[in-house]
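Structure, as structure tokens:
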Amino acid sequence: MAINTGDTAWMLVSTALVLLMTPGLALFYGGQVRARSALNMIMMSFVSMGVVGVIWVIYGYSMTFGKDLGSGLLGDPTEFIGLSALLSEDALFGGIPTILFAAFQAMFAVITVALISGAVADRMKFGAWVLFAGIWVTLVYFPIAHWVFDFDGGESDPGGWIANDLAAIDFAGGTAVHINAGVAALALVLVLGKRVGFGSKPFKPHNLTMVMLGAALLWFGWFGFNAGSAVGSNYLASVTFFNTIVATGAGMLAWLLVEKIRDGHSTTLGAASGIVAGLVAITPACSSVTPVGAMLVGAISSILSAYAIGLKYKFGYDDSLDVVGVHLVSGLAGSLLVGVFASSAAPAGVDGLLYGGGTDQLIKQAIACAAVIGYCFIVTFLLGKILDKTIGIRVKREEEIAGVDLVYHAESAYELGGVFKGGR
Amino acid sequence: MAINTGDTAWMLVSTALVLLMTPGLALFYGGQVRARSALNMIMMSFVSMGVVGVIWVIYGYSMTFGKDLGSGLLGDPTEFIGLSALLSEDALFGGIPTILFAAFQAMFAVITVALISGAVADRMKFGAWVLFAGIWVTLVYFPIAHWVFDFDGGESDPGGWIANDLAAIDFAGGTAVHINAGVAALALVLVLGKRVGFGSKPFKPHNLTMVMLGAALLWFGWFGFNAGSAVGSNYLASVTFFNTIVATGAGMLAWLLVEKIRDGHSTTLGAASGIVAGLVAITPACSSVTPVGAMLVGAISSILSAYAIGLKYKFGYDDSLDVVGVHLVSGLAGSLLVGVFASSAAPAGVDGLLYGGGTDQLIKQAIACAAVIGYCFIVTFLLGKILDKTIGIRVKREEEIAGVDLVYHAESAYELGGVFKGGR
Amino acid sequence: MAINTGDTAWMLVSTALVLLMTPGLALFYGGQVRARSALNMIMMSFVSMGVVGVIWVIYGYSMTFGKDLGSGLLGDPTEFIGLSALLSEDALFGGIPTILFAAFQAMFAVITVALISGAVADRMKFGAWVLFAGIWVTLVYFPIAHWVFDFDGGESDPGGWIANDLAAIDFAGGTAVHINAGVAALALVLVLGKRVGFGSKPFKPHNLTMVMLGAALLWFGWFGFNAGSAVGSNYLASVTFFNTIVATGAGMLAWLLVEKIRDGHSTTLGAASGIVAGLVAITPACSSVTPVGAMLVGAISSILSAYAIGLKYKFGYDDSLDVVGVHLVSGLAGSLLVGVFASSAAPAGVDGLLYGGGTDQLIKQAIACAAVIGYCFIVTFLLGKILDKTIGIRVKREEEIAGVDLVYHAESAYELGGVFKGGR
Amino acid sequence: MLLITAIIKPGAFEEVKDALRAAGVKGMTVSEVSGMGRQGGHVEVYRGAEYPIDLISKVRLEILAEDKEAKGIINVIVKTASTNSIGDGKVWTTPVHDVVRVRTGESGEAAI
Amino acid sequence: MLLITAIIKPGAFEEVKDALRAAGVKGMTVSEVSGMGRQGGHVEVYRGAEYPIDLISKVRLEILAEDKEAKGIINVIVKTASTNSIGDGKVWTTPVHDVVRVRTGESGEAAI
Amino acid sequence: MLLITAIIKPGAFEEVKDALRAAGVKGMTVSEVSGMGRQGGHVEVYRGAEYPIDLISKVRLEILAEDKEAKGIINVIVKTASTNSIGDGKVWTTPVHDVVRVRTGESGEAAI
Ligand SMILES: Nc1ncnc2c1ncn2[C@@H]1O[C@H](COP(=O)(O)OP(=O)(O)O)[C@@H](O)[C@H]1O
Ligand SMILES: Nc1ncnc2c1ncn2[C@@H]1O[C@H](COP(=O)(O)OP(=O)(O)O)[C@@H](O)[C@H]1O
Ligand SMILES: Nc1ncnc2c1ncn2[C@@H]1O[C@H](COP(=O)(O)OP(=O)(O)O)[C@@H](O)[C@H]1O
């Protein structure tokens, strides 16, 4: 098969779009914390672009897309070390150069790690985060990405068990990315503990215009994430693209409505949250539902998330920026709703419960979710505990109160006045 | 005809770019209002992404691109309800999947509605805006978009009267988008009334860096808007792209020059306004002028707008962020200047007044403009009046002074200090 | 040869991406200065989009890509005046319309000028900057771009001497863009003098979230810059794209590490600087190194820049935002390291010192760098001196202290409080 | 000489400023502050969770005035800023030893 | 009547506020300021260059109180805000002539 | 004990700070305020429309000082901050009852 310049053009763009999601997330998260820890929040995302990017070149791509070591559980970490093996005009993945596919998938690993950081805002040691990022992506992300994203017939046949043996539908990463990040967030905050003031102080976002900008960049970049997962500029990409528009819009409206009814007013942060919930939910589902189905998936998941974010107060885990409430809950909802709203009119060609397809697909979806949740939770929790016992992952109380920006980065996000304030 | 992956790649990107324009606009507008209503301003744009997006799926696309109901005035609202009919590999629009064309056009509807919101800053009830958005897009935008954008030979032949019968040149929406939004803004503020303090207080932008970011995202996204209207990655797209660069640059310079001469200093807001004026003006004209023509269209329109924004003080309508002065005036200027600067060297192949083509095209342009202005003004004004008499569209005086962000969204855009301030 | 829609799609996008780099730079720079001159900083970048864009149409493209006037030193300025000559379906550059290639290259001229502005923050007359931009791009950029970017076999054969006769490898503009801008920055600040307070005040960035957003937009746009320089969506674009990811990530990590070791903490501004250093360094090298080579090029250059930014205190030139330290130093490092790390496994097919290719390529690289440094420094310094003696380029001391935003633009970047402050 | 300090609601500021000017006040110094008082102490709902409201945005005015003018100025402030709702604010006066105008070095009443 | 002005570290603010409320203080006015003092005067390294630290973020509290209550209030502030480290701040009192409540026009002790 | 309050132009702040330190002042509290005065009252043009200028950015210094030092400090401020142009600002003094250092509980002159 020869290179297709149209497919390649779209995948170049998609990769750039997914790269942009991580800074977008940095702003989305950074705007939500207090001004005194905004930079630290942003840095957690940015640094994962470096750490995960470098690891990807060395052994990450191999662990994910290398020859399966058996039972679809893991790729061979040594197969493509350094990625020079992909440097050839003939190394094609479908109609695009394999090195481009490797670039596209690298961005998925980066953002998944970055997503977790929202839960640990204000109180995790920066060095510990860097270490966690590098180990977590290795122990948790690469294996799970292999399960979900490595289809048989790729460059290293056979691939992962969820994609091939189970044949669950996870078009762009509801399980490997969102459920995964959400569960990791939960496990990590259970180790880390609550912020000083959790439950009694409001912790309102310090810059909501930045949150909205971040949400917008996420939406924009998500077209690369979802429609780029078609690995070509074709009918499949077009449908997933369309669904990514309308599920998101519906998710936003649904969240605003919940707030209006429950609280009496619709908030900006609610709009941003609804957007992300819609995006998360449609990620696994965008290839298998109709536009109307997409709107329902987005809206239902968003409503579930809008209520789920309150659980942290009830159960007392401090998931600062609602990574669990949004990514885990909407990721789960979207993955399971594939089994309900999938319609054979959509490109995936599968009928869900509602369209007479029975519970078959729903069960597959549930198994995939359960596997990711179980594996991720156990490994992340253990990793967190080990790091905490060895290097310690939590900042000191005074540092947290003074603000991690000054303490860990010697900076303040803003110096807006004419009078410069320094020091700590 | 088969799918063309290159064309499809470009249209996927163009759609994402035009989607990004709406958040770009939200920031452009949001930065211009006072800090106390920045979020509300941003929300007006975002919510239109949800409201218009959902309506588009249900009946909007059908009203715009459905089979003409007669005389080129309206498409059949029921033809494509839910858009499942577009879910087929064979549903192509030129070289791209029809569902992608539907996605692209959805973004035009969204941004047109959002554009109006700049005029009503600080003082419109949020619920009333949501309602207005949904009704206005139905009664005004879809019909006019059908007139202008539905060419015969599209999937539902015949199409709209301006595109086909009149054959006015409006490449990417000078009439349907910019004149339309500008006129609607004028009609709506006439119903809504002036802000408290209009004419005596300066109402300076609260965050000009955000305004510039918004202007930049608009410019970036506008390449999708204009060059994407070529519906393919071809010579036509390339020329319209080039013209979108240079008309905008010239528009910015022209506005800065007006200010320097008239006021003694060039402002940042002037640069942003000149950018938008240039973009608006070249929107209808980008396919029909040479690069030099594009610079003239951009510069002349920008100068007109730079003076026109003062009219609101003279005539006493409070067009808060100059939607009338920029979008109506430069939209009109650009549409009419097609009749002057069109050159057969450009892809449209038409000669305007200056190139010996006579007044023929100019008259067509004027008729198209007049039709849009007349229809839009009447329907919008009536709609505004009816909403005002029924649910009421204006916030209370105290709410306006306290700031709509706190009152309607329970939020402040910024909490930059170490001391958290809440409440109202 | 016929138009290739895939290549054209990618180049349309690449051009938009490179356009976005200039506002990205405006935010990156604007966030680094004090609040009182943020707008002026932003305006310097924006205005170059207008000034350089207009000049490009008139004679800039001709000077760069017009028929060589002899010895590969300059293109004929009159050949394509107004660019109407490019308005033809048949005017192709490789697989894309020539007018699109002209658009792409226009963006390079714009950003090179804008890059210089970071060095003159807070203290250059705005009018003088506008004039400088127009003259500098004419006298310095167009000739050097002709040397480096005009390959024989382009539309006007023969082309520039560095590209063809010397055959130095500068894939996307390490010499013509980054070394060039860095040297011009140095020459200009030598004429301009130091800021009031240089050396004694910290001049900390006023808005680091904006700096990070700017860095992100630069990275995003840089994919157009580097991978777009492949002028097509192919294997070459894919490799340069991949290298642009990993060199940048490695550059960021390297800078953070230097800071951690030297200063005890890693800063956000350090991350942003490392990103830009990595991007600058990989610009000339992205076609000739492997992914591992790219990481080394990014990391080494970033470390050099991290130390080089301190030189301004030592030698007493006030390069406000480290244009010299980052763009000149990393531009030079990246250009020379091509001669070291180039591997024939990469698309350029050349072996550097480390891969047994000897010093041949390294010498070529050094000659290209030296030529650009020498020519640019002399002409820029003279131009600066002449402007200073005639119109004067430096603002008054009181204006600098009061802040150039109020004095030159009658604006403040932020009005965040409820109490409006105006005046000067 | 007295220093009048007034804490008022931000929404009342423009009118108070205009009223003071109309009453002949030539200068004042304004700052943005947060106030705790009776007005706080209630609970608000945000994203479904309740949190207590403590501090509320206020504007602080400082006006140097001769002793005999102070009463009138206070009256103007109280009249203009009162909306009859909790949180309208306070005005207090403190004795001032001396005032100097930076520009000229003039002191006492001539400095105001 | 006295006006108590306290300059404290931002990190101590929440606790001081709670302690004051517990001690019966019903109102205060808070502002964000910068302080110069012994705490400054050191040098920090940023991007490899050294620069002197002058001004440090502080929170200023203003509390109107009856003369007899002042001592107690000051004690609460000092006790709660002290971390035994340089820069903990100052508290001072100035005499107040009169206080008026804007809402009602009440004056004197009734106005607090 | 006296409290010296000075309102000066932002552009003068750095120099005043340095001059005060040179004159032996060890501490002060700084805030950003807006000033209304003679300097305002003019009209500016923005985007072709005129609007009146009222409030202008100023910096406020608060310095606790012993009675005998106050005069000298005021002189330093006036000398350094004066640019001989309208809006240079005011300096005033108010009596202080007592001062306490939060860290140690010391009071009176020892607390400054
Ligand atoms: N004891 C006090 N000391 C200083 N400022 C006070 C005091 N009590 C109230 N204030 C200020 O006055 C504002 C209004 O007080 P509040 O008790 O809410 O309403 P009201 O004055 O109408 O009874 C507060 O927000 C605070 O800024
Ligand atoms: N003479 C003064 N006048 C006004 N405020 C002062 C004075 N001295 C100190 N302050 C304020 O008190 C704060 C703490 O003072 P500092 O000397 O740093 O520590 P400490 O009070 O613990 O000795 C300073 O940051 C400043 O805001
Ligand atoms: N009566 C006043 N009370 C409090 N502050 C004042 C008063 N008059 C002036 N100021 C402050 O002093 C600043 C300078 O005053 P202004 O009248 O403009 O100039 P000048 O002091 O040079 O005559 C004002 O901006 C304001 O902050």
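Just so it is clear, the structure is predicted and the values come from calculations on it, not from any experiment. Just so we're on the same page: letters track the sequence lines, and every chain starts at 1.
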Roughly how far, to the nearest 0.5 Å, is [atom2] of [Y] from [atom1] of [X]?
{"X": "F:Lys17", "Y": "E:Asp54", "atom1": "NZ", "atom2": "CG", "answer": "3.5 Å"}
{"X": "F:Leu61", "Y": "E:Met36", "atom1": "CG", "atom2": "CE", "answer": "9.5 Å"}
{"X": "E:Ile4", "Y": "F:His97", "atom1": "CD1", "atom2": "NE2", "answer": "10.5 Å"}
{"X": "F:Thr29", "Y": "E:Lys58", "atom1": "OG1", "atom2": "NZ", "answer": "9.0 Å"}
{"X": "E:Thr94", "Y": "F:Met1", "atom1": "OG1", "atom2": "CE", "answer": "13.0 Å"}
{"X": "E:Gln39", "Y": "F:Arg103", "atom1": "CD", "atom2": "CZ", "answer": "9.5 Å"}

For F:Pro95 against E:Pro95, the heavy-atom pair lying closest together: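 Closest approach of F:Pro95 to E:Pro95: O-CD, 3.4 Å.
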
Greatest number of heavy atom pairs closer than 4.5 Å to chain F - which of E:Val91, E:Val78, E:Ile74, E:Thr5: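 Result: the option with the highest number of such pairs is E:Val91.
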
Structural part of F:Leu64 lying under 4.5 Å from a heavy atom of chain E: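 F:Leu64 touches chain E through side-chain heavy atoms alone.
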
Contacting region of F:Glu106 [heavy-atom separation from chain E under 4.5 Å]: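 Neither part, no heavy atoms under 4.5 Å.
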
Part of E:Ile86 within contact of chain F (heavy atom distance under 4.5 Å):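 Both backbone and side chain.
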
Per-residue contact mode, E:Thr80 against chain F (heavy atom under 4.5 angstrom):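 Neither part, no heavy atoms under 4.5 Å.
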
Side-chain (E:Lys90) to main-chain (F:Ala111) donor-acceptor, under 3.5 angstrom: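 Yes, the answer is positive, given that a donor and an acceptor are paired below the 3.5 Å cut-off.
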
